[in-house]
Every structure is written in C-alpha cells, then in structure tokens.
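Notes follow once the structure below has been shown.
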Protein chains: 2
Amino acid sequence: MADISRPSTSPGASPLFLREDEIRRGVELLYFGYTRLTNAIDQVLARQGLGRAHHRALYFIARQPDLTVGELLRLLAITKQSLGRVLKELHERDMVITRPGQVDRRQKLLRLTEKGAALEADLFAQLQEKLSAAYVSAGQESVTGFWHVLEGLVPESDRQMVFDLRKDRD
Amino acid sequence: MADISRPSTSPGASPLFLREDEIRRGVELLYFGYTRLTNAIDQVLARQGLGRAHHRALYFIARQPDLTVGELLRLLAITKQSLGRVLKELHERDMVITRPGQVDRRQKLLRLTEKGAALEADLFAQLQEKLSAAYVSAGQESVTGFWHVLEGLVPESDRQMVFDLRKDRD
DNA sequence: GAGATATGTCAGCCATGTTGACGTATCTTG
DNA sequence: CAAGATACGTCAACATGGCTGACATATCTC
C-alpha cells in the first residue's frame with residue numbers, strides 16, 4: 001500500500017505516490033462526474049413528484065421493453081419490496097404497464113406507456129445533453145477509454161447482464 | 001430526440017441511433033461502474049457501524065487536511081445539518097479532530113486522528129484494488145480518456161474546487 | 001457598534017434502502 | 001398428479017441520510 005499520509009516528500013518522487021494520486025483522481029472524478037450527471041435530471045423528476053429510484057426503473061424498462069420484474073431486480077440490485085413500491089407508484093401514474101409472460105405466465109413483462117416513455121425521453125434528453133457535451137470536449141478516443149475503464153469496474157459476474165442491455169430484444 | 005422505442009430498424013442505420021446508443025452505454029457504465037466501486041467499501045464500513053456518508057467525509061479530510069467545515073460542505077453539496085450529524089459521529093468515535101482556524105478563528109480545521117486515518121487507509125485500499133485493476137485492464141491511454149470525459153461532466157463552476165483537491169496544502 | 005459570516009443544534013419530515021414473514025399463481029419434476 | 005421450486009406481491013418495522021425551518025454563538029469586517 002502507498003503511504004496515505006504522504007509526509008513531506010515531493011509529489012511524484014516515487015512510483016507508489018504517483019499510483020495513489022492516480023487512484024484518488026479517478027475516485028474523485030467518478031464521484032463528481034456521476035453526481036453532477038444525475039443532478040441533471042432532478043429538476044424534471046421533482047416536477048413529477050418522482051425520485052431517482054423511479055428514474056432507474058423507467059430507464060431500464062425503456063432500454064429493454066418486456067423486461068421481467070426479476071431481471072429488473074437483478075439490474076438494480078435492491079430488494080423486491082423496495083422495487084415494489086417504485087413500480088406501484090409508476091403504475092398508479094400510468095407510466096408503466098405489465099402483462100403476463102408468454103412463455104412463463106408467472107412473470108410480469110414491464111413496458112412504458114406513452115406517458116412513461118415521454119417522461120423517460122425527457123430525462124434521457126437531460127443526460128444526453130450533459131454526457132454528449134463531455135464526449136465532445138474529450139474526443140472519441142477518450143470516450144472509448146472511458147468505457148474501457150468503467151467496464152473494468154464491473155465484476156465478471158455482472159458483466160454479461162450489463163452488456164446484454166445493448167442487445168435488441170424487441 | 002432519437003426514437004426511444006427503436007422499432008425494427010437495424011442498429012447503426014442512422015447517426016441519431018448511434019448517438020443514442022453511445023449515450024446509453026455511458027450512462028449504464030457510469031451507473032454500474034460507480035455503484036460497484038462504492039460497493040467495495042461497504043463491508044469495511046459496516047464492520048465499524050458507519051455508512052457511506054462517513055466515508056465521504058473521511059475521504060476528503062484525508063485528502064485535504066485542515067479542510068474547513070465550509071469547504072467540506074461545498075465539496076459534498078449537502079446541508080450543514082446533514083454534515084453535522086456525520087462529523088459529530090466521527091468525532092465521538094475519535095476519528096476526526098478540529099481546531100480553530102489560525103487566520104479566522106470562526107473556522108474549524110478538520111483533521112483525521114490516527115484511528116481515522118487508519119480507517120480511511122483501509123477504505124482507500126479497497127477502492128485502490130478495484131480501480132487499479134480497472135486501470136490495468138484498460139491501459140494507460142484509456143485512463144486518461146476516462147479522466148477527460150469525467151472532467152467534462154463537472155460543470156465549469158465546480159471544476160476549480162475539484163482540481164484544487166490535487167494541490168498539496170500541508 | 002452593527003451587520004455579515006462560520007459554525008452548531010433542535011425538531012420534524014421524506015425518500016429509499018433493509019429484514020422477516022407470509023400468500024398466491026404457476027411451473028417443473030419425480 | 002402431487003410436491004416442491006419459482007415469480008411475484010404485500011404487510012410491518014426499521015435504518016440511513018438527505019431535507020427545511022428556526023434559532024444561538026463566536027468572530028470578523030466595516
């Protein structure tokens with residue numbers, strides 16, 4: 001481990017110190033970048049009386065229509081009770097509908113209504129605005145590097161689930 | 001806005017669809033990458049009966065000893081009541097000490113005790129383990145791209161504050 | 001000396017996570 | 001076909017960590 005307190009040595013004097021600084025830089029940028037990006041949607045959500053938890057559900061349902069409740073639970077990594085509350089509220093507001101699975105009728109397939117899709121699109125537009133500005137200012141090469149590092153943060157066991165979001169299933 | 005439901009068009013057929021996919025990929029990787037990284041420290045925190053909020057305070061105090069309460073408030077972007085609770089608990093556990101500012105005696109300068117520094121080092125070690133593995137698997141070029149994109153997510157008005165963390169002030 | 005500033009604190013509320021227990025419909029398998 | 005596993009829902013209680021509003025104190029600045 002690098003020396004955390006880093007006494008009065010000049011910065012960069014040792015490869016170990018350099019390493020720590022690179023890690024802290026990543027931790028900080030991830031923290032500020034992530035929070036600032038999510039801040040972008042708070043105003044839109046507040047207007048609807050909804051929170052971040054609702055957005056996460058809307059997002060993944062938009063991303064993968066006919067997602068089952070179980071799949072959504074695995075993506076969000078929360079308890080079914082927590083998710084139940086969120087889905088109930090989205091259902092009451094006519095933003096999400098469910099229908100029984102074709103192959104397995106115990107499952108509920110989730111879809112956004114027009115109203116739900118409209119809100120998700122509005123929220124996505126905010127994210128898009130911030131993130132595409134960051135992409136443009138950093139350049140395409142940086143964007144692929146950005147992806148690669150983040151992919152490395154996702155544990156092997158979750159990677160397939162995350163990558164599967166990019167497959168069309170409609 | 002691009003068509004969210006993306007009917008039966010082949011992916012990549014239009015620049016607009018491509019753009020949307022690149023944005024969604026970033027949003028998802030940021031979400032999963034950030035949450036998986038923060039998950040890395042939960043076990044250590046739980047052992048101490050502390051939460052994420054305590055970690056954020058410990059982290060920034062470790063990063064910038066003699067930080068004032070006001071500076072920490074700006075970094076965390078929470079209310080003084082919320083921060084007060086956290087600092088009080090860290091103080092009670094002898095992890096943080098304060099002393100009056102030299103130049104402005106209304107200020108309180110924050111520092112970690114040995115015990116606090118030891119915990120922060122332990123937490124940092126977990127972050128380091130995950131993040132350096134991601135850095136290694138992505139390669140140095142990717143790391144700088146990763147930084148650049150994230151820097152672009154931090155609004156102009158906050159950028160100085162974030163970059164100042166990298167300056168030594170001891 | 002008056003007002004601004006840095007900090008603390010009381011009290012109550014809200015969003016969103018947790019555990020544990022239990023119920024129902026449906027699927028799968030011996 | 002009966003038994004057990006699975007997918008989903010729900011009740012209740014609780015924890016964490018945000019929030020607002022109001023008010024107090026010490027210190028700095030003009």
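We name chains A, B, ... by the order of the sequence lines, and we start the count at 1 in each one.
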Given C:dT26, C:dC10, D:dG18, the nucleotide with the shortest approach to the side chain of B:Q81
C:dC10

Report the distance from atom CZ of B:R74 to atom C1' of C:dT7, rounded to the nearest whole Å.
13 Å

Side-chain contact check for A:K80: nearest option of C:dC22, C:dA25, D:dC28 is C:dC22

Does B:R106 have a side-chain nitrogen or oxygen under 4.0 Å from the phosphate oxygens OP1 or OP2 of D:dA24?
no

d(CG, B:L110; C1', C:dT7) in whole Å:
11 Å

Between A:D104 and B:E89, which has a closest nucleotide on DNA chain D that is more 5'?
A:D104

Are more than 12 heavy atoms from other residues, nucleotides or ligands located less than 6.0 Å from atom CD of A:Q48?
yes

Taking for each residue the nucleotide of DNA chain C bearing the nearest heavy atom, is the 5' side occupied by A:R56 or by B:G70?
B:G70

Grab the CD1-P distance between B:I41 and D:dT16 for me, whole Å please.
15 Å

Below 4.0 angstrom from OP1 or OP2 of C:dG8, is there any side-chain N or O of B:K108?
yes

What is the distance, to the nearest angstrom, from the CG atom on B:N39 to the P atom on C:dT18?
11 Å

Look at all strands and tell whether A:R85 reaches a base, only sugar-phosphate, or nothing, counting heavy atoms closer than 4.0 Å.
base

Would you check, one step at a time, whether the test side chain to side chain contact (heavy atoms under 4.5 Å, CB included) holds for A:V27 with A:I23?
CA-CA 6 Å; A:V27 169; A:I23 301 297; 4.3 Å; yes

Tell me: CG of B:L45 to C1' of C:dT18, nearest whole Å?
16 Å

Would you say A:Y135's side chain and B:E22's backbone share a donor-acceptor pair under 3.5 angstrom?
yes

If we ignore hydrogens and angles and just use 3.5 Å, is the side chain of A:H148 paired with the main-chain N or O of A:T144 as donor and acceptor?
yes

If you compare every side-chain N and O of B:T79 against the phosphate oxygens of D:dC19 (OP1, OP2), does one of them come in below 4.0 Å?
yes

Classify B:G84 by what it touches in the nucleic acid, base, sugar-phosphate, or nothing, heavy-atom distance under 4.0 Å.
nothing

Do the side-chain N or O atoms of A:T68 get closer than 4.0 angstrom to the phosphate oxygens (OP1, OP2) of D:dA7?
no

Hey, which of these two, A:G101 or A:H54, hits DNA chain C nearer its 5' end, going by closest nucleotide?
A:H54

From the list D:dG17, C:dT16, C:dA6, which nucleotide is the closest neighbour of the side chain of B:Q107?
C:dA6

Distance-only donor-acceptor pairs under 3.5 Å for side chains of residues 92-101 of chain B, two or more places apart:
| residue | atom | partner | partner atom | Å |
| --- | --- | --- | --- | --- |
| B:R99 | NH2 | B:D66 | OD1 | 3.1 |
| B:R99 | NH2 | B:D66 | OD2 | 2.7 |

